[in-house]
K.L.:
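Would you mind keeping the following structure in view while I ask a few things?
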Number of protein chains: 2
Amino acid sequence: MKGHMKHGQAFVPPVGSPGDPRSGKGSWVRGKRGYHHGNLSEALIEAAKGLLAEKGPAGFTLKDAAKAAGVSPAAPYRHFKDRAALIGAVSDRGYAQFSEWLREAASAGTDPADAFNRLGEAYLAFAADEPGYYTAMFDAEGVGKTDHDAGAGAFSILVEGLTKAYGAESFGGADPRLIGLQVWALSHGVATLAAAGRLPYGPGVPTAAEILSRGVDALVRGARR
Amino acid sequence: MKGHMKHGQAFVPPVGSPGDPRSGKGSWVRGKRGYHHGNLSEALIEAAKGLLAEKGPAGFTLKDAAKAAGVSPAAPYRHFKDRAALIGAVSDRGYAQFSEWLREAASAGTDPADAFNRLGEAYLAFAADEPGYYTAMFDAEGVGKTDHDAGAGAFSILVEGLTKAYGAESFGGADPRLIGLQVWALSHGVATLAAAGRLPYGPGVPTAAEILSRGVDALVRGARR
DNA sequence: TGTACATCAGTGAACGCGCGTTCACTGATGTAC
DNA sequence: TGTACATCAGTGAACGCGCGTTCACTGATGTAC
């Protein structure tokens with residue numbers, strides 16, 4: 001995954017100060033700082049993602065996001081209709097990125113069975129590494145049509161990986177989508193329990209990744225024949 | 001100042017009116033109605049549970065709960081330290097009831113394998129029938145120590161059912177708790193995806209219960225040997 | 001090339017609202033004598 | 001048994017706060033001539 005510049009959360013230096021990230025580093029369209037931010041909608045999405053990750057959907061406020069991006073509370077309304085629209089934008093990004101991760105994981109290497117295992121790992125890694133996205137995608141109140149489509153897209157990658165890995169016929173007539181759904185649910189369950197601190201942990205206790213990978217393995221093995 | 005009889009909330013019938021639920025129906029401890037509610041903490045928990053189910057943790061307000069219970073906004077503070085304490089009480093109840101459901105499901109009948117399957121069904125049924133409890137248990141911000149203990153209790157019922165059904169040794173040396181965790185995560189995943197409307201549905205599409213029961217089955221079968 | 005002007009993307013103060021919570025109070029209940 | 005009194009469990013008004021959002025505005029930018 002590309003290291004995209006972390007900008008603009010929590011302690012944004014005043015515009016034009018020496019530490020100001022708006023001084024023309026990489027992802028900033030304009031090298032000049034000033035009255036206009038230049039990349040505000042991007043920065044807001046990034047800030048929202050961070051706040052969502054940190055405080056959850058309830059702890060996220062538009063004003064905080066604006067402050068994190070270094071602008072006044074009214075500025076976001078130039079780019080997003082309201083708070084829900086901003087969260088929606090985070091969710092959209094999340095789904096896009098999620099699908100990309102899955103697609104990458106599925107296409108790397110040559111062995112389909114390995115590819116499928118990597119899919120599960122990618123799922124967990126995404127939930128763990130991008131809690132902001134994950135929260136916006138699954139936890140937000142406003143679940144729109146876009147999300148369903150995007151979710152369906154990600155899901156189809158999973159099912160495809162499954163059939164490629166094991167063959168569409170190898171589940172004894174069972175619809176591979178059913179197994180896909182089960183894998184999806186298991187992944188989601190592990191991810192959310194882990195995020196909520198509801199999974200036991202400590203020495204000798206399996207990690208979330210182990211629980212999932214061995215679970216997916218057992219699930220698929222048990223479903224075949 | 002005597003004119004104090006007016007409670008002033010929207011739809012609660014005046015004290016003593018024919019429709020007043022405080023007229024001594026069943027669960028009301030006192031047959032007499034009056035200034036004192038008589039069973040307020042109970043009523044508040046019940047109201048909170050309903051609101052949590054209806055609107056989620058974000059949509060739940062203490063004032064609404066008070067109104068639903070037919071008392072003034074200050075009254076809940078006689079029984080609960082603050083809003084979090086009320087939600088915590090709902091969560092506690094939820095865990096108690098949850099464990100009871102699981103225990104019942106596990107102990108009915110004679111065949112351990114059947115018993116184990118019923119455990120999964122009971123899990124889903126609980127999440128579906130008691131969304132208020134489920135929300136408080138897993139979704140609430142304030143996850144206390146009590147919850148962990150109660151959750152551990154419920155979990156141990158699951159693991160016990162598993163070992164009874166299949167024998168502690170039959171998982172090829174794998175810790176039955178690992179399989180228990182996977183079953184738990186799968187159940188939780190199916191339940192939360194279903195609650196969020198994230199599971200496809202329609203004619204010919206498996207229900208949440210089918211997804212889970214067949215998934216648990218595959219999981220256990222795949223984990224053995 | 002310079003200048004006038006339209007448009008864009010910000011500002012900062014203010015709004016209305018509804019939340020959780022506190023307050024001094026009062027009506028009802030239980031108890032000691 | 002009756003009565004005085006302490007305690008309990010409510011009331012209703014008010015508070016401070018921080019939210020989402022709107023407003024009239026202004027500085028910066030892009031463009032036509």
Side-chain angles (χ1 to χ4, degrees), chain A residues 8 12 14-16 20 22 28-44 47-48 51-52 55-88 140-142, chain B residues 1-10 12 14-16 20 22 28-45 47-48 51-52 55-88 140-142:
Chain A
V12 177
V15 175
D20 182 11
R22 271 159 292 189
W28 293 95
V29 170
R30 300 164 200 293
K32 283 316 202 194
R33 351 108 180 184
Y35 189 91
H36 289 84
H37 185 287
N39 212 2
L40 183 54
S41 73
E42 205 64 28
L44 283 170
L51 288 167
L52 247 13
K55 318 236 208 161
F60 162 81
T61 75
L62 239 203
K63 276 178 173 165
D64 282 347
K67 188 195 277 190
V71 293
S72 78
Y77 290 89
R78 294 279 163 209
H79 299 270
F80 301 98
K81 188 181 144 281
D82 55 19
R83 187 193 120 109
L86 175 53
I87 297 183
E141 300 93 62
Chain B
M1 156 181 306
K2 67 263 238 128
H4 241 260
M5 289 310 284
K6 193 194 185 107
H7 285 221
Q9 59 282 89
V12 175
V15 174
D20 183 10
R22 273 158 292 187
W28 294 94
V29 169
R30 300 166 199 292
K32 285 315 201 193
R33 346 98 186 201
Y35 189 92
H36 289 85
H37 185 287
N39 212 1
L40 184 55
S41 73
E42 205 64 28
L44 284 170
I45 291 175
L51 288 166
L52 247 15
K55 317 237 210 161
F60 163 81
T61 75
L62 239 202
K63 276 179 174 164
D64 282 347
K67 188 194 276 192
V71 294
S72 78
Y77 291 89
R78 294 281 162 207
H79 299 270
F80 301 98
K81 190 180 143 281
D82 54 19
R83 186 194 121 109
L86 175 52
I87 297 184
E141 299 93 62

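Below, chains carry the letters A, B, ... as their sequence lines are ordered, and counting in each starts from 1. Only this structure's heavy atoms are used, side chains among them; waters, hydrogens and symmetry mates stay out.
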K.L.:
Write down the atom of A:Leu62, the atom of A:Pro76, and the distance for their closest heavy-atom approach.
P.N.:
CD2-CB, 4.2 Å
K.L.:
Which atoms form the tightest heavy-atom contact between B:Pro57 and B:Arg83, and what is the distance?
P.N.:
O-NH2, 3.6 Å
K.L.:
Using side-chain contact (heavy atoms from CB on, under 4.5 Å) as the criterion, list what pairs up with B:Phe80, not counting sequence neighbours.
P.N.:
B:Ser41, B:Leu44, B:Ile45, B:Ala85, B:Leu86, B:Ala89
K.L.:
Given atom CD1 of B:Ile87 and atom C1' of C:dG20, what is their separation to the nearest angstrom?
P.N.:
12 Å
K.L.:
Let's test your reading of the pairing rules: Watson-Crick or G-U wobble, both distances under 3.5 Å, then write DNA chain D as a dot-bracket string with ( ), [ ], | and dots.
P.N.:
.||||||||||||||||||||||||||||||||
K.L.:
When the distance from CG of B:Asp64 to C1' of C:dG18 is rounded to whole Å, what number comes out?
P.N.:
10 Å
K.L.:
Expressed as a whole number of angstroms, how long is the span from A:Leu51:CG to D:dG18:C1'?
P.N.:
15 Å
K.L.:
What does nucleotides 10-15 of chain C look like as a protein-contact string, B for base, S for sugar-phosphate only, - for none, at under 4.0 angstrom between heavy atoms?
P.N.:
BBB-B-
K.L.:
Between P on C:dG20 and NZ on B:Lys67, what's the gap in Å once rounded to a whole number?
P.N.:
13 Å
K.L.:
Quick check: closest heavy atoms across B:Ala65 and B:Ala47, and the distance to 0.1 Å?
P.N.:
O-CB, 3.8 Å
K.L.:
Using side-chain contact (heavy atoms from CB on, under 4.5 Å) as the criterion, list what pairs up with A:Ala75, not counting sequence neighbours.
P.N.:
A:Leu40, A:Val71, A:Ser72
K.L.:
Tell me the interatomic distance from B:Glu42, atom CD, to D:dA9, atom P, rounded to whole angstroms.
P.N.:
15 Å
K.L.:
In whole Å, what is the span from the CG atom of B:Leu62 to the C1' atom of C:dT22?
P.N.:
13 Å
K.L.:
Of the non-hydrogen atoms in B:Phe60 and B:Leu52, which two are nearest, and what is the gap between them?
P.N.:
CB-CD1, 3.6 Å
K.L.:
Rounded to the nearest 0.5 Å, how far does NE2 of B:His36 lie from CZ of B:Arg78?
P.N.:
9.5 Å
K.L.:
How close or far is atom P of D:dC19 from atom CZ of A:Arg83, stated in whole angstroms?
P.N.:
10 Å
